[in-house]
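Down below is the structure, laid out as structure tokens.
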Amino acid sequence: MNLFEETKFIMNKYKIQAKKSLGQNFLVDEEIVNGIVNEAQISKNDLVIEIGPGLGTLTSRLLERAGKVIAVELDKDVLNILNDRFKLYNNFELINQDILKVDLNNLIDDNLKNEITSCKIVANLPYYITTPIITKLLEEKLNLKSITVMVQKEVAKRLTSVPGKDKEVSSISYYIYYYSNPKIVLDVPRNCFIPSPDVDSSVISLELLKEPRVKITDEKFLFDVIKASFSQKRKTLLNSLVNNHICSSKEDLEKILSESLNMNPKVRPEELSLQDFSDLCNLLKK
Ligand code: SAM
């Protein structure tokens, strides 16, 4: 039985229909499944947290390679499938919860012991909450080695853009680049899933840096400034920061941009690198 047939068989046996509201698109391409596990470089020293195991396709490959797999799934209807499939594995744990509500710091701390020395996130993400999940994984400063996840192709481009260099940046690109080395590792056509989504997908890999990429005294302020800068489409950096009350005086900000940072006061936020934003924040705080 190939993966497509196996998935159909499981769905029939357990009378499962994919739930659109939970972003359920089940992966049915063997090469892509193996590709994800290979890109994540899973070994017996790894704890893998899988977000949204669904019917367990990726989970079964992860279990063969990892020291332990903790799968976090919101949908109650697939729990018995996962428990039936993996009951013989003593390195499998299933948590029935919304990933956005799981205390991941505690979960990781409790499970990094003995020969299990690092934690990696691997998932075919539910697309409706891609940004909140990635934000949570980075914001909570988890003890993670890498994040390897499938997302929509267009979103993948934005998430892996290098600020100041690539065109398609948004505020989350800076966030990701601050914490990690991001790259697209696989492109995945829509026909690799049941049901087939309306968009193509890509797998991205975020390799977490030991220290954030730039040194900054007030991290929160840096991200407030970046968010404010991108809050209004097609506005200049100057206008967005004044409109969002990051800086009360347009003249002062104009002076900082042109005199201290040697920038055109009409500069748009997407032209700034992460270091540029960091320098700007340090000057605004003075
Ligand atoms: N891993 C499976 C695969 O590749 O075939 C399923 C991937 S499917 C794109 C996304 C999975 O995330 C579904 O199983 C869905 O039920 C689950 N999910 C959706 N929202 C979730 C949430 N908030 N927390 C945890 N899992 C969630």
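Counting starts at 1 for both ligands and their atoms, in listed order. The analysis underlying the following values was restricted to heavy atoms, covering all of them including side chains, and did not include hydrogens, waters or symmetry mates.
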Identify the protein heavy atom lying closest to [atom], giving its residue, its atom name and the separation to 0.1 Å.
atom: atom 17 (C) of ligand 1; value: Glu73 OE2, 3.4 Å
atom: atom 23 (N) of ligand 1; value: Asp98 OD1, 2.9 Å
atom: atom 26 (N) of ligand 1; value: Leu74 N, 3.4 Å
atom: atom 13 (C) of ligand 1; value: Gln24 CG, 3.6 Å
atom: atom 4 (O) of ligand 1; value: Asn124 ND2, 2.9 Å
atom: atom 18 (N) of ligand 1; value: Pro126 CG, 3.8 Å
atom: atom 5 (O) of ligand 1; value: Leu27 N, 2.9 Å
atom: atom 19 (C) of ligand 1; value: Leu22 O, 3.1 Å

Between [X] and ligand 1, which residue portion shows a heavy-atom distance shorter than 4.0 Å: side chain, backbone, both, or neither?
X: Tyr128; value: side chain
X: Ala123; value: neither
X: Val78; value: neither
X: Lys19; value: neither

> Is a donor on one side and an acceptor on the other found under 3.5 Å between the side chain of Asn96 and the backbone of Glu73?
Replying inline: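 A pair under 3.5 Å: yes.
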>> Looking at Ser170, is its backbone amide N or carbonyl O close enough to the side chain of Ser173 to form a donor-acceptor pair, meaning the two atoms are under 3.5 Å apart?
In response: yes
> In Å and rounded to the nearest 0.5 Å, what is the CG to OG distance from Leu280 to Ser229?
Replying inline: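 If I round to the nearest 0.5 Å, the distance is 7.0 Å.
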Any N/O of [X] closer than 3.5 Å to an N/O of ligand 1?
X: Thr57; result: no
X: Ile99; result: yes
X: Gly52; result: yes
X: Phe26; result: no
X: Asp75; result: no

Any chance the side chains of [X] and [Y] put a donor and an acceptor closer than 3.5 Å?
X: Asn38; Y: Arg65; result: yes
X: Asp46; Y: Ser118; result: yes
X: Lys235; Y: Asn243; result: no
X: Asn181; Y: Arg213; result: yes

>> As a test of understanding, state which of Leu94, Ile49, Asp98, Leu100 forms a side-chain contact (heavy atoms from CB on, under 4.5 Å) with Val72.
In response: Ile49
> Taking it one step at a time, do Tyr178 and Leu222 satisfy side-chain contact (heavy atoms from CB on, under 4.5 Å)?
Replying inline: CA-CA 11 Å; Tyr178 179 73; Leu222 171 69; 4.1 Å; yes
Student check: side-chain heavy atoms of [X] and [Y] closer than 4.5 Å:
X: Phe230; Y: Ser240; result: no
X: Leu159; Y: Ile134; result: yes
X: Glu207; Y: Ser180; result: no
X: Lys183; Y: Ile204; result: no

Check whether any heavy atom of [X] sits under 4.0 Å from an atom of ligand 1.
X: Met150; answer: no
X: Leu125; answer: yes
X: Ile129; answer: yes
X: Asn25; answer: yes

Could you list the atoms of ligand 1 found under 4.0 angstrom from a heavy atom of [X]?
X: Gln97; value: 24 (N), 25 (C)
X: Glu50; value: 1 (N)
X: Val72; value: 25 (C), 26 (N)
X: Pro53; value: 1 (N), 2 (C)

>> For atom 8 (S) of ligand 1, which of the options Ala18, Gly23, Ser21 provides the nearest non-hydrogen atom?
In response: Gly23
>> Working note: Gln152 + Ser201, criterion side-chain hydrogen bond (donor to acceptor under 3.5 Å, both in side chains); need CA distance, chi angles, decisive distance, verdict.
In response: CA-CA 4 Å; Gln152 285 181 38; Ser201 299; over 6 Å; no
> Between Phe193 and Phe26, is the ring centre distance below 6.0 Å?
Replying inline: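 Distance test on ring centres: not under 6.0 Å, no.
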